[in-house]
Amino acid sequence: MRWAAFSCLLVPVVLVVYGTSFGGAAVATLGLVAVTAVCRAMLRCSEKAERAALVLAEDRLPPGGRRRRARTGSGSGGRGCHTSGGISPED
């Protein structure tokens, strides 16, 4: 978001330097500020939804703590080193 604020300040300066009127630069600035505000609001909403999903996922865990994943295959360890050449159940 810092880069967005920086560009909202830099773009009008560059526009005026390269011959755009102050009014045109002001309109461009207002447009950039509006887009930046909407993007920031959408980002905050997305972060809240992600946090809510994490809380729901933690609530579904058994009382003893985290669930352990069962290993499939011999010696694979779930690290992607498969000798069969086919698609593993973990893919």
Side-chain angles (χ1 to χ4, degrees):
M1 293 311 300
R2 291 181 186 137
W3 284 106
F6 176 72
S7 68
C8 285
L9 296 174
L10 181 66
V11 167
V13 171
V14 170
L15 288 173
V16 169
V17 167
Y18 282 99
T20 304
S21 67
F22 286 107
V27 169
T29 302
L30 290 175
L32 283 172
V33 167
V35 168
T36 301
V38 169
C39 289
R40 184 174 183 181
M42 288 174 32
L43 182 64
R44 297 264 173 136
C45 182
S46 173
E47 288 172 347
K48 282 183 182 179
E50 184 180 1
R51 276 187 245 126
L54 287 174
V55 168
L56 284 175
E58 287 176 0
D59 288 345
R60 292 182 184 160
L61 288 177
R66 293 185 152 183
R67 293 184 203 176
R68 300 184 83 190
R69 249 203 266 175
R71 287 189 177 183
T72 57
S74 62
S76 69
R79 291 191 174 83
C81 298
H82 304 287
T83 57
S84 63
I87 296 176
S88 70
E90 297 169 354
D91 293 339

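The analysis underlying the following values was restricted to heavy atoms, covering all of them including side chains, and did not include hydrogens, waters or symmetry mates. Values in this document were obtained by computation on a predicted structure and should not be read as measured data.
Around atom CD of E50, no more than 12 heavy atoms belonging to other residues, nucleotides or ligands sit under 6.0 Å away.
Put simply, L10 and Y18 are part of the same group of oily side chains (I, L, V, M, F, W, Y) that touch within less than 4.5 Å, one to the next. Put simply, V17 and V14 are part of the same group of oily side chains (I, L, V, M, F, W, Y) that touch within less than 4.5 Å, one to the next.
Distance OG1/T29 to CG/L9: 8.0 Å, rounded to 0.5 Å.
In this structure a side-chain-to-backbone donor-acceptor pair under 3.5 Å is present from T36 to L32. A donor-acceptor contact shorter than 3.5 Å is absent between the side chain of T20 and the backbone of V16.
Closest of all the heavy-atom pairs between P12 and S7 is CD-O, 4.2 Å.
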